[in-house]
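The structure displayed is predicted, hence computed values, not measured ones.
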Amino acid sequence: MDASATTAAIYAAVSDRGAVDSISLDAAVRAGETGLPVYWHNRSYSDAFATIFVDLVHAVGLDGAMAEMKRHYPTHPEAWPERLLARLIPISESARAELSAARARLGIVIPADRSAA
């Protein structure tokens with residue numbers, strides 16, 4: 001995805017444009033420009049874990065980010081895979097496929113996908 005398409009898709013996925021922080025937006029744009037899956041975070045959680053996790057996903061990939069969160073926060077309930085994955089909104093088609101595969105691999109069932117893709 002090019003930068004303008006990524007930015008537009010992220011803004012379309014959020015209800016409050018003011019909640020879009022520039023650091024996470026830049027990371028998502030760079031991921032999209034390099035062909036990596038692009039995600040945004042569900043702001044209903046509104047906590048540091050959401051921002052940390054989505055930025056990690058763009059830096060090291062979904063599996064790597066989940067492993068890092070587990071390593072750094074092994075007993076914190078907000079770092080459990082089902083809660084981490086619930087925070088992600090897939091922006092690109094590749095993100096939608098990757099997130100769906102991760103949920104299936106972990107046996108996580110959700111009622112509906114909040115995907116913007």
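- Looking only at side-chain heavy atoms (C-beta outward), Y11 and L25 come within less than 4.5 Å of each other.
- Residues S92 and M1 share a closest heavy-atom pair of CB-SD, 3.7 Å.
- In terms of heavy-atom proximity, A65 sits nearest to V60 at N-CG2, 3.5 Å.
- When atom types are taken as modelled, the side chain of Y73 and the backbone of E78 share no donor-acceptor pair closer than 3.5 angstrom.
- Heavy atoms only, all atoms of each residue included: A31 and P37 are closest at CB-O, 4.0 Å.
- Atom CG of L106 is separated from atom CD of E82 by 8.0 Å, given to the nearest 0.5 angstrom.
- Each of I10, I89, I91, L62 was checked for a side chain to side chain contact (heavy atoms under 4.5 Å, CB included) with Y39, and the lone residue meeting it is L62.
- Between W80 and M69, every side-chain heavy-atom pair lies at or beyond the 4.5 Å cut-off.
- The shortest heavy-atom contact between A27 and D55 is CB-OD1, 4.3 Å.
- Using a cutoff of 4.0 Å between basic side-chain nitrogens and carboxylate oxygens, R30 and E33 are not scored as salt-bridged.
- Annotation: side chain of D21 is in contact with side chain of H41 (closest heavy-atom distance under 4.5 Å).
- For the atom pair CD of E98 and CG of L85, the computed distance is 9.5 Å after rounding to the nearest 0.5 Å.
- How far CZ of R87 is from CH2 of W40: 14.5 Å, rounded to the nearest 0.5 Å.
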Residues R103, L88; criterion side chain to side chain contact (heavy atoms under 4.5 Å, CB included); working and verdict: CA-CA 11 Å; R103 286 177 178 148; L88 295 179; 5.8 Å; no
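- With a 4.5 Å cut-off on side-chain heavy atoms, H72 and I52 do not count as touching.
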Passes side chain to side chain contact (heavy atoms under 4.5 Å, CB included), L56 versus M66? Steps please. CA-CA 9 Å; L56 269 173; M66 289 189 356; over 6 Å; no
